[in-house]
Amino acid sequence: MFGVNCGFGAKSCIYKLDSSAVLRRQQLVIRCLGVGGYSDHNINTDQKTMQGVGFSSGASLEADAENVLRAITPTLDPNRHKGQAGKIAVIGGCREYTGAPYFAAISALKIGADLSHVFCTRDAASVIKSYSPELIVLPILEESYSVRDEDKSFILEKVLGEVDKWMEKFDCLVIGPGLGRDPFVLDCVSNIIKHARQSNVPLVIDGDGLFLITNSLDLVSGYHLAVLTPNVNEYKRLVQTVLSCEVNDEDAREQLLSLAKRIGGVTILRKGKADLISDGETVESVRIYGSPRRCGGQGDILSGSVAVFLSWARQTIRDENLSISSRNPTMLGCIAGSTLMRKAASLAFETKKRSTLTTDIIECLGRSLQDICPVPCCC
């Protein structure tokens, strides 16, 4: 069971869960989200209010974004064991691209996930392992050049067998960072996505994973635990493929809503000056913080961040039966992941300015989370 950290400035209020913890948690979330007319003495009112808690669009959401992050971030509890704070896997990494999967996987750990795996090609494994001993790197993917046509069916079954050993242990898969576009690798990943859906494992799809699903929308269509995180060019291709039109920035919210709805209610986080998020039912925006420095790799940090917060949101709702916001953990995960990524980018830019790199932003993730959701002193 998760507790809640709710930090306002230097003040932190922490509730430990006991027999009456669910009610206290509901009361705290209501306070954090600023629901008016709250009464500690009316349980029926509490329950009705929780049913109606949500985020309005535009500027008011931005006042709530940090509180969403606080509400779903688990308390550090010495009674918990390894793995309970999240087990994330990144599917990506090939000869050409080894940085992206590392950025996504290490970001998940820096935010607070307990374990972070990378499933990559054999050529990429040693390089990714050399970046950090913290990551569990599994070189199971094979590129076309190393597989004979007559062996492809056998190798595909072998890859799926290896992934399936781990699948139900994962809280979220990040598909795409550094994946590349090798046909056989993409075929393997298509089948991994199908297996993940069968196991009800959430998916965050970025980079070349978006290239894959844009050409095979049935892989994610109708899967409500899928999150797509396109940049400007990836979003353009999605709009052209799904809506058969061009991007319309003047009606960005309605177009994003239509796009998410047409893909069957997946959640889409459209990255930009303001991040727009929709699950086909609502549209929210996050524009607080941010940085004018647009170095490559920030999208990989975001995908790892969303994966962690999505898993925490699901755990919070499942364990405590809370009805926070739209009750959609993918929306909550996107709002929290976007907020933290933008905060870290802002902090890194304060000191590094034009020389800010992705590694600088990663190093600011922990401080950013502490600023928003403080861990109390144990002394």
Side-chain angles (χ1 to χ4, degrees), residues 55-66 68-69 100 103-104 107 174 176-177 204-211 213-214 226-243 245-263 266-307 309-310 330-349 354 356-358 361 364-365 368:
F55 296 100
S56 56
S57 60
S60 59
L61 169 69
E62 292 153 28
D64 293 335
E66 290 188 348
V68 171
L69 187 153
F103 292 149
S107 295
V174 180
V204 178
I205 302 178
D206 188 47
D208 289 319
L210 290 170
F211 170 81
I213 66 100
T214 300
V227 174
L228 314 183
T229 59
N231 61 24
V232 61
N233 292 319
E234 293 159 347
Y235 185 74
K236 179 180 179 180
R237 287 192 289 269
L238 272 174
V239 168
Q240 291 172 337
T241 300
V242 178
L243 300 180
C245 65
E246 297 301 321
V247 174
N248 181 359
D249 288 326
E250 293 184 0
D251 200 13
R253 288 173 176 267
E254 285 302 316
Q255 188 173 64
L256 178 61
L257 188 73
S258 298
L259 181 62
K261 191 174 296 185
R262 285 282 292 274
I263 310 178
V266 301
T267 297
I268 301 175
L269 192 166
R270 179 189 176 184
K271 296 179 284 195
K273 183 177 180 181
D275 292 336
L276 291 179
I277 307 162
S278 179
D279 58 359
E281 298 293 332
T282 61
V283 181
E284 311 291 358
S285 65
V286 179
R287 67 171 67 241
I288 55 175
Y289 305 120
S291 163
R293 177 75 167 108
R294 303 306 307 151
C295 56
Q298 294 183 65
D300 304 311
I301 300 176
L302 178 65
S303 63
S305 301
V306 170
F309 284 112
L310 194 168
T330 59
M331 290 290 289
L332 298 173
C334 285
I335 292 169
S338 171
T339 301
L340 187 66
M341 164 61 205
R342 296 170 73 95
K343 170 72 170 175
S346 176
L347 286 181
F349 186 76
R354 293 182 186 273
T356 303
L357 299 176
T358 299
I361 299 172
C364 289
L365 288 170
S368 299

Roughly how far, to the nearest 0.5 Å, is CG of Asn248 from CZ of Arg253? 14.0 Å
Which atom of Ser291 lies closest to which atom of Ala345, heavy atoms considered: CB-O, 3.6 Å
After noting the C-alpha distance and the side-chain angles of Asp206 and Leu302, does the key distance pass the side chain to side chain contact (heavy atoms under 4.5 Å, CB included) rule? CA-CA 9 Å; Asp206 188 47; Leu302 178 65; over 6 Å; no
Please give me the minimum heavy-atom distance between Asp279 and Glu281, naming the atom from each residue. OD1-N, 2.9 Å
Gap separating the CZ atom of Arg270 from the CG atom of Asp249, nearest 0.5 angstrom: 4.5 Å
Mark yes or no for whether Asp300, through its side chain, and Ser303, through its backbone, hold a donor-acceptor pair below 3.5 Å. no
Rounded to the nearest 0.5 Å, how far apart are SG of Cys295 and CD1 of Ile361? 4.5 Å
NZ/Lys271 to OG1/Thr229 distance, rounded to the nearest 0.5 angstrom? 4.5 Å
Taking it one step at a time, do Val232 and Lys236 satisfy side chain to side chain contact (heavy atoms under 4.5 Å, CB included)? CA-CA 6 Å; Val232 61; Lys236 179 180 179 180; 5.9 Å; no
Would Arg342 and Asp275 satisfy side chain to side chain contact (heavy atoms under 4.5 Å, CB included), going step by step from the backbone distance to the final call? CA-CA 10 Å; Arg342 296 170 73 95; Asp275 292 336; 3.5 Å; yes
Check: Glu246 main-chain N/O paired with Gln255 side-chain donor or acceptor under 3.5 Å: yes
Inter-residue atom distance Leu276.CG - Ser338.OG, 0.5 Å rounding: 9.5 Å
Judged by atom type as modelled, is there a donor-acceptor pair below 3.5 Å linking the side chain of Thr339 to the main-chain atoms of Ile335? yes
Nearest heavy-atom approach of Pro292 to Phe349 is CG-CZ, 3.5 Å
Smallest heavy-atom separation, Leu269 atom then Pro230 atom, equals O-CD, 3.2 Å
Can you check whether Arg293's main-chain N or O pairs, donor with acceptor, with Gln298's side chain at less than 3.5 Å? yes
Should Ile213 and Leu238 count as side-chain neighbours, where that means a heavy-atom distance under 4.5 Å? yes
Show your working on side chain to side chain contact (heavy atoms under 4.5 Å, CB included) between Leu69 and Phe309 and close with a plain yes or no. CA-CA 8 Å; Leu69 187 153; Phe309 284 112; 3.9 Å; yes
Using every non-hydrogen atom in the two residues, find where Gly297 and Phe103 come nearest and quote the distance to one decimal. CA-CD1, 4.1 Å
To the nearest 0.5 Å, tell me how far Thr282 OG1 sits from Leu257 CG. 8.0 Å
Closest non-hydrogen atoms of Cys334 and Thr267, given as atom of the first, atom of the second and distance, are SG-CG2, 3.9 Å
